[in-house]
Amino acid sequence: MSLTNVKDGSKGRIIFHIDFDYFYAQCEELRDPSLKGKPVVVCVYSARGGDSGAVSTSNYKAREYGVKSGIPIKLAKNKLKDVPDAKFLPVDHNYYSEMSDKAMKIARKYADKFELVGVDEAFIEVTERLENDFGRAKELAMAVKQELKNELGLTCSIGIAPNKLVAKIASDFQKPDGLTLVKPEEIKTFLTNLNVGKIVGVGKKTEEILNEMGARTIGELSNIDIYQLTKNFGKKIGTYLYNAARGIDDEPVVESESVTQISRITTLKKSTNAVEEMLGDLESLCKDVHKSVIERGFSFKSVSIMLILDDLSIKTKSRSLKSPSTSSEELFKVAKVLLEEAVAESQLLVRRLGVKVSELVSSKGQDTLFKYIE
DNA sequence: GACTAGTGTCGAC
DNA sequence: TTACGGTCGACACTAGTC
């Protein structure tokens with residue numbers, strides 16, 4: 001959305017944001033109904049063994065004990081140490097993907113337009129289906145929820161609004177198994193007392209800056225002029241925030257586009273600053289990335305590495321290639337150079353190591369182009 | 001000053 | 001008391017070029 005072209009897409013659209021409740025943990029409850037009522041914590045265990053790793057998702061019972069996404073597994077276990085029936089399970093992405101496919105197939109049936117967001121969220125536009133009648137939206141959302149519940153046993157929270165921005169905030173308003181409808185004329189009242197962090201794209205850092213500028217709530221954000229916002233956040237994000245504070249958003253609901261980057265990251269068995277000790281991990285990361293790139297029919301023009309240091313700070317380095325490549329050797333060679341440079345610049349030990357390729361080009365398209373040129 | 005390429009940071013899930 | 005994953009998208013900043 002540009003400064004000179006601020007349109008209010010709020011008029012005339014009806015959009016649902018469907019958000020499956022505590023998705024991974026809910027999937028686990030469905031697979032093993034004996035988990036119902038117990039705290040369930042789905043974990044990403046790292047290569048360090050033991051309880052090294054972080055919590056991916058937890059169900060609401062676990063959240064009552066302060067166990068939420070992102071906290072260390074050890075901390076989660078500590079919080080639940082007096083709860084003998086708490087369950088800690090490793091993530092099972094294949095199973096969640098299967099469940100997601102089934103759920104999204106149902107959601108898609110109701111949509112004029114469908115947009116998948118990650119594995120557990122989707123936007124569906126239903127303007128035509130409802131003939132622009134907001135009055136019928138709740139009934140349709142109930143039908144979606146009912147079918148998901150009957151067919152798969154899954155609960156979700158749905159936000160209904162004239163645009164994606166407000167629909168997303170609305171789905172988060174009442175959880176789990178919630179349904180929140182925000183009509184066009186209710187947007188201002190709905191948003192005004194909500195925390196600025198509820199706006200998509202406003203994370204911890206942005207929220208801190210906004211707080212310093214005097215905006216804790218979305219209503220307060222709407223009092224800040226666009227000049228201040230663009231000065232602090234740049235033109236694009238500043239304009240986005242200015243509009244978001246007013247509930248204005250004209251982003252269309254679109255089928256998800258193809259990937260633009262592919263990456264793999266791992267936690268080293270032991271923190272180190274010796275490049276030789278990381279070469280084994282670097283090589284297998286490169287192989288994994290390369291395999292995925294080739295399987296998806298891409299070549300890559302940019303290679304990056306990411307280091308997460310012992311204080312959990314992040315260091316990245318990237319390099320563009322002269323021309324798109326599909327070479328596994330070239331990927332490893334460039335990644336190794338970047339790693340050597342990054343390690344030389346860092347004072348701390350490296351805890352985690354990642355490899356990323358971007359500026360992806362469809363190799364199939366390239367072939368065609370080459371053939372054409374020939 | 002406009003544009004671009006390269007690089008690094010933030011945020012969502 | 002501490003504890004700490006993996007993958008992706010978007011965009012800001014900077015330097016170089018014209």
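Computed from a predicted model, the values in this text were never measured in an experiment. First the proteins, then the strands, lettered A, B, ... as listed; each starts at 1.
Using a 4.0 Å cut-off between charged nitrogen and carboxylate oxygen, K145(A) and D177(A) count as a salt-bridge pair.
Two residues are said to be in side-chain contact when any heavy atoms from C-beta on lie closer than 4.5 Å; I265(A) and I308(A) meet this criterion.
Rounding to whole angstrom units, NZ of residue K356(A) and P of dG6(B) are separated by 14 Å. As rounded to whole Å, 13 Å separates atom P of dC11(C) from atom NZ of K235(A). Atom NZ in K68(A) sits roughly 16 Å away from atom C1' in dA12(B) (whole-Å rounding). If you measure from atom NZ of K301(A) to atom P of dT4(B), you get 14 Å, rounded to the nearest angstrom. As a whole-Å value, the separation of H93(A) NE2 from dC13(B) P is 16 Å. The nearest whole Å value for the distance from the CG atom in L241(A) to the P atom in dA10(C) is 17 Å. At whole-Å resolution of the value, CZ in R351(A) and P in dC4(C) are 5 Å apart. Spacing between atom NZ of K205(A) and atom P of dA10(C) amounts to 22 Å, rounded to whole angstrom units.
Stacking of R296(A) on the aromatic ring of F298(A) is not recorded, the 6.0 Å distance cut-off and the 45° axial limit not both being met. No cation-pi contact links R136(A) to F134(A), judged by a cut-off of 6.0 Å to the six-membered ring centre and 45° from its axis. Figure legend: R31(A) and Y95(A) shown as a cation-pi pair, the cationic atom lying under 6.0 angstrom from the six-membered ring centre and within 45 degrees of its axis. In this structure, K168(A) forms no cation-pi arrangement with F123(A), as its terminal cationic atom is not both closer than 6.0 Å to the ring centre and no more than 45° off the ring axis.
Candidate nucleotides dG8(B), dG6(C), dA3(C) were compared by shortest atom distance to the side chain of T267(A), and dG6(C) ranks first. Closest approach to the P72(A) side chain among dG6(B), dG9(C), dC4(C) is made by dC4(C) (side chain taken as heavy atoms from C-beta onward). If you check dT7(C), dT9(B), dG5(C) against the side chain of T316(A), the one that comes closest is dT9(B). Of the candidates dC4(C), dG5(C), dG8(B), the closest approach to any side-chain atom of S318(A) belongs to dG8(B). Comparing dG9(C), dG6(C), dA12(C) by their closest approach to the side chain of R352(A) singles out dG6(C). Across dT7(C), dA3(C), dG5(C), the shortest atom-to-atom separation from the side chain of K74(A) is found for dA3(C). Of the candidates dC13(B), dG11(B), dG8(B), dC13(B) carries the atom nearest the V117(A) side chain, counting heavy atoms from C-beta on. Out of dG11(B), dG6(B), dG5(C), the shortest distance to the side chain of T206(A) is found at dG11(B). Among dG6(C), dG6(B), dA12(B), the nucleotide with an atom closest to any side-chain atom of K168(A) is dA12(B). Comparing dG9(C), dA12(B), dA12(C) by their closest approach to the side chain of V259(A) singles out dG9(C).
Here F23(A) lies out of heavy-atom contact (under 4.0 Å) with every strand. Nucleic acid contact for K317(A): sugar-phosphate only, since backbone atoms but no base atoms lie under 4.0 Å from a heavy atom of the residue. Base engagement by G70(A) is indicated by at least one non-hydrogen atom pair under 4.0 Å involving a base atom. Counting non-hydrogen atoms under 4.0 angstrom, I71(A) reaches nothing in the nucleic acid. Within the nucleic acid shown, V202(A) comes within 4.0 Å of sugar-phosphate atoms alone, with no base atom in reach, counting heavy atoms only. Counting non-hydrogen atoms under 4.0 angstrom, S302(A) reaches nothing in the nucleic acid. S69(A) comes within 4.0 angstrom of no nucleic acid atom, judged by non-hydrogen atoms across all strands. Residue contacts shown for G118(A) are absent, as no nucleic acid heavy atom lies under 4.0 Å away.
Evaluation of atom-type donor-acceptor distances gives a pair under 3.5 Å for the side chain of N78(A) against the base of dA3(C).
For dT7(C), one of the phosphate oxygens OP1 or OP2 lies less than 4.0 angstrom from a side-chain nitrogen or oxygen of R264(A). For dG6(B), the OP1/OP2 oxygens have no side-chain nitrogen or oxygen of S304(A) closer than 4.0 Å. For S320(A), no side-chain nitrogen or oxygen approaches OP1 or OP2 of dA5(B) to under 4.0 Å. At the phosphate of dG6(B), neither OP1 nor OP2 sits under 4.0 Å from any side-chain N or O atom of R319(A).
Within 6.0 Å of NZ in K301(A) there are more than 12 heavy atoms belonging to other residues, nucleotides or ligands.
Mapping I237(A) and M306(A) onto DNA chain C via the closest heavy atom, the residue that lands nearer the 5' end is M306(A). Projected onto DNA chain C by closest heavy-atom contact, S46(A) and G234(A) fall at different nucleotides, the more 5' of which corresponds to S46(A).
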Inset, instruction - Apply the test side-chain contact (heavy atoms from CB on, under 4.5 Å) to residues F190(A) and F173(A): give CA-CA distance (whole Å), side-chain angles for both, the deciding distance (0.1 Å), then the verdict. - result: CA-CA 10 Å; F190(A) 174 69; F173(A) 190 71; 3.6 Å; yes
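Remark: the separation of the C1' atoms in dG5(C) and dG11(B) is 15 Å, to the nearest Å.
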